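Take a look at the structure set out below.
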Amino acid sequence: MLALADPELDNGPRTEKSTTVRMCAVSREVRPISELIRFVVAPSGEVIVDLKRKLPGRGLWVSASRRAVGGCGSGAASPI
């Protein structure tokens, strides 16, 4: 049996490319990854910036603003 398509559900081809979004760990705002900086922990225990977003492991995403990046080192859980 052929189902009839609901015209309200089909809006045609997408006009905008869907983007990957992540939550900023400081501001808790959901933003596209193009507006965020990724940090990862190296095997030596150092926190390093992953600008190419290619390093292994779970990353921490922070908004690419001076205020958000400056707030990364504050808080009780900041030592790794």
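Quantities reported herein were computed from a predicted structural model and do not represent experimental measurements.
If you run side-chain contact (heavy atoms from CB on, under 4.5 Å) between R53 and each of I33, I37, L36, only I33 comes through.
Contact detail for I48 and A42: the closest heavy-atom pair is CD1-CB, 4.2 Å. Closest heavy-atom contact between G59 and V40: CA-CG1, 3.9 Å.
V47 and V62 fall within the same hydrophobic cluster, where Ile, Leu, Val, Met, Phe, Trp and Tyr residues are linked whenever their side-chain heavy atoms come under 4.5 Å apart, directly or through other members. Transitive grouping of hydrophobic side chains (ILVMFWY, heavy atoms separated by less than 4.5 Å) keeps W61 and F39 in distinct clusters.
Contact annotation: the side chain of R38 approaches that of L55 to within less than 4.5 Å [non-hydrogen atoms, C-beta and beyond].
The structure places OG of S63 at 4.5 Å from CZ of R31, a figure rounded to the nearest 0.5 Å.
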